[in-house]
Peer 1: 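My structure is below; once you've seen it, I'll send some questions.
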Amino acid sequence: MDSAKLPAHVGIIMDGNGRWAKKRGLPRMLGHRAGAATFKEIARYANKIGIRYLTAYVLSTENWKRPKEEIDALIGLLRDYLDEMDGYAKENIRVRFLGDRSVFDADIQAKMRRAEEKSASATGLNLSLAVNYGGRAELTQAARRIAADAAAGKLSPEALDEGMLSRYLYTADLPDVDLVIRPSGEYRLSNFLLWQTAYAEYVFMDEVLWPDFKPAVMDRALKEYAGRSRRFGGI
């Protein structure tokens with residue numbers, strides 16, 4: 001594919017792990033493990049073909065409503081995944097985490113900081129993992145910080161514009177999303193990067209559950225994106 005037609009920033013809603021497992025008569029957790037393996041493959045593929053930014057929806061603020069057994073298993077999977085992240089730095093992939101980390105155990109927070117610090121100088125793919133993330137929660141905390149800075153005299157309300165508000169978000173130094181991909185047949189954002197996807201293109205894939213999302217499927221989404229006309233409100 002012509003590199004000029006690639007989206008700079010791709011967002012992926014990794015959906016369908018549980019249904020993938022159910023179809024095979026397996027525990028839901030095995031679906032999540034299969035999904036984690038797929039994510040590693042897709043991240044490395046994105047780096048290989050020249051995608052500059054990839055943001056994946058790993059754990060939403062709403063996912064805590066799931067049964068405790070599943071949540072505990074997901075946290076354990078996250079802990080294991082963080083232990084393997086040194087490999088990304090070696091592959092020139094920069095890692096960062098978006099969301100409220102305060103809910104996680106100290107060791108998980110430390111592992112997140114370590115992954116970010118070790119990969120900070122990487123110049124390849126910028127890989128963001130949205131964990132305990134929600135678009136509305138992000139905008140709410142940004143509004144609180146803006147209000148606090150205004151009350152402290154650090155900014156004038158009249159100076160607030162879209163660019164300034166963006167700098168209060170988790171994604172302050174990331175570009176807006178160009179393409180959102182969601183497999184599994186669902187047609188919604190599910191509170192994912194609400195501000196950053198204002199002019200994104202969307203590709204929904206009915207027939208693919210996330211664990212089956214391979215590089216060839218990624219290519220299909222990228223080709224569909226390349227054929228879109230992006231006018232950003234113009235003609």
Side-chain angles (χ1 to χ4, degrees), residues 11-21 26-44 46-47 53-91 93-122 125-145 148 168-174 189-196 210-211:
I12 297 183
I13 301 173
M14 302 185 295
D15 195 16
N17 293 337
R19 278 169 283 167
W20 182 90
L26 301 171
R28 286 177 59 86
M29 192 54 211
L30 291 186
H32 292 306
R33 288 196 176 278
T38 294
F39 173 64
K40 295 175 192 176
E41 182 179 11
I42 292 300
R44 290 185 168 100
N47 188 43
Y53 300 89
L54 176 66
T55 300
Y57 209 3
V58 177
L59 183 70
S60 79
T61 51
E62 289 75 33
N63 285 154
W64 300 101
K65 301 173 185 176
R66 296 184 178 186
K68 184 178 185 302
E69 180 182 1
E70 183 170 351
I71 291 296
D72 290 345
L74 285 170
I75 297 303
L77 183 58
L78 174 62
R79 185 177 273 112
D80 292 343
Y81 188 69
L82 288 168
D83 287 335
E84 302 172 7
M85 280 204 156
D86 284 356
Y88 283 134
K90 295 174 183 176
E91 296 174 51
I93 296 174
R94 182 178 179 181
V95 177
R96 72 187 80 201
F97 298 88
L98 314 178
D100 178 8
R101 308 181 193 189
S102 65
V103 300
F104 296 111
D105 291 340
D107 71 305
I108 290 180
Q109 294 185 47
K111 291 175 191 290
M112 289 178 178
R113 289 192 298 271
R114 170 186 163 85
E116 290 177 330
E117 291 166 1
K118 290 205 69 172
S119 66
S121 61
L125 174 70
N126 286 268
L127 178 62
S128 300
L129 289 82
V131 289
N132 192 33
Y133 173 88
R136 288 184 173 183
E138 178 183 33
L139 290 167
T140 300
Q141 66 86 23
R144 287 174 180 157
R145 291 174 56 205
Y168 281 84
L169 301 177
Y170 294 126
T171 55
D173 58 343
L174 301 178
L189 273 180
S190 295
N191 206 14
F192 178 60
L193 299 177
L194 299 179
W195 177 272
Q196 301 87 341
W210 175 248

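The structure displayed is predicted, hence computed values, not measured ones.
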Peer 1: Does one side chain, of Glu62 or Asn191, offer a donor that lies under 3.5 Å from an acceptor on the other?
Peer 2: yes
Peer 1: Hey, is the main chain of Leu77 close enough, under 3.5 Å, to the side chain of Asp80 for a donor-acceptor pair?
Peer 2: no
Peer 1: Which distance, rounded to the nearest 0.5 Å, do you find between the NZ of Lys90 and the OG of Ser119?
Peer 2: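 Going from NZ on Lys90 over to OG on Ser119, the span is 13.0 Å.
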Peer 1: Go through the steps for Leu189 and Tyr57 under the test side chain to side chain contact (heavy atoms under 4.5 Å, CB included), then give the verdict.
Peer 2: CA-CA 10 Å; Leu189 273 180; Tyr57 209 3; over 6 Å; no
Peer 1: Going through the checks in order, is the side chain to side chain contact (heavy atoms under 4.5 Å, CB included) test met by Leu78 and Leu59?
Peer 2: CA-CA 10 Å; Leu78 174 62; Leu59 183 70; 5.6 Å; no
Peer 1: Go through the steps for Val58 and Tyr133 under the test side chain to side chain contact (heavy atoms under 4.5 Å, CB included), then give the verdict.
Peer 2: CA-CA 8 Å; Val58 177; Tyr133 173 88; over 6 Å; no
Peer 1: Treating Asp105 as the side-chain partner and Asp107 as the backbone partner, does any N or O pair qualify as donor plus acceptor under 3.5 Å?
Peer 2: no
Peer 1: Would you find more than 12 non-hydrogen atoms of other residues, nucleotides or ligands less than 6.0 Å from Glu69 atom CD?
Peer 2: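 No - once you tally the heavy atoms of other residues, nucleotides and ligands closer than 6.0 Å, there are 12 at most.
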Peer 1: Working to the nearest 0.5 angstrom, can you tell me the gap between Thr38 OG1 and Arg33 CZ?
Peer 2: 13.5 Å
Peer 1: Apply side chain to side chain contact (heavy atoms under 4.5 Å, CB included) to Leu169 and Gln196, showing your working.
Peer 2: CA-CA 10 Å; Leu169 301 177; Gln196 301 87 341; 3.8 Å; yes
Peer 1: Does the pair Arg96 and Asn126 meet the rule for a side-chain hydrogen bond (donor to acceptor under 3.5 Å, both in side chains), with working shown?
Peer 2: CA-CA 8 Å; Arg96 72 187 80 201; Asn126 286 268; 3.0 Å; yes
Peer 1: So do Asn132 and Phe97 actually touch side chain to side chain, heavy atoms under 4.5 Å?
Peer 2: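 No, too far: nothing below the 4.5 Å cut-off.
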Peer 1: Quick check against the 3.5 Å criterion: does Trp20 have a side-chain atom that pairs as donor or acceptor with the backbone of Gly31?
Peer 2: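 Flag not set: sc Trp20 to bb Gly31 has no pair under 3.5 Å.
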Peer 1: Could you check if a side-chain atom of Ile12 sits within less than 4.5 angstrom of a side-chain atom of Trp210, using non-hydrogen atoms only?
Peer 2: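 Side chain of Ile12 against side chain of Trp210, heavy atoms only: contact under 4.5 Å found.
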Peer 1: Assign the ring pair Trp64 / Phe104 to parallel, tilted or perpendicular, where the plane angle (0 to 90°) is split at 30° and 60°.
Peer 2: tilted
Peer 1: Could you check whether atom CZ of Arg66 has more than 12 heavy atoms from other residues, nucleotides or ligands sitting under 6.0 Å from it?
Peer 2: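 Buried by this count: over 12 neighbours within 6.0 Å.
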Peer 1: Does the pair Arg79/Asp83 count as a salt bridge with the N-to-O cut at 4.0 Å?
Peer 2: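 Judged by the 4.0 Å cut-off on N to carboxylate O distance, Arg79 and Asp83 do not form a salt bridge.
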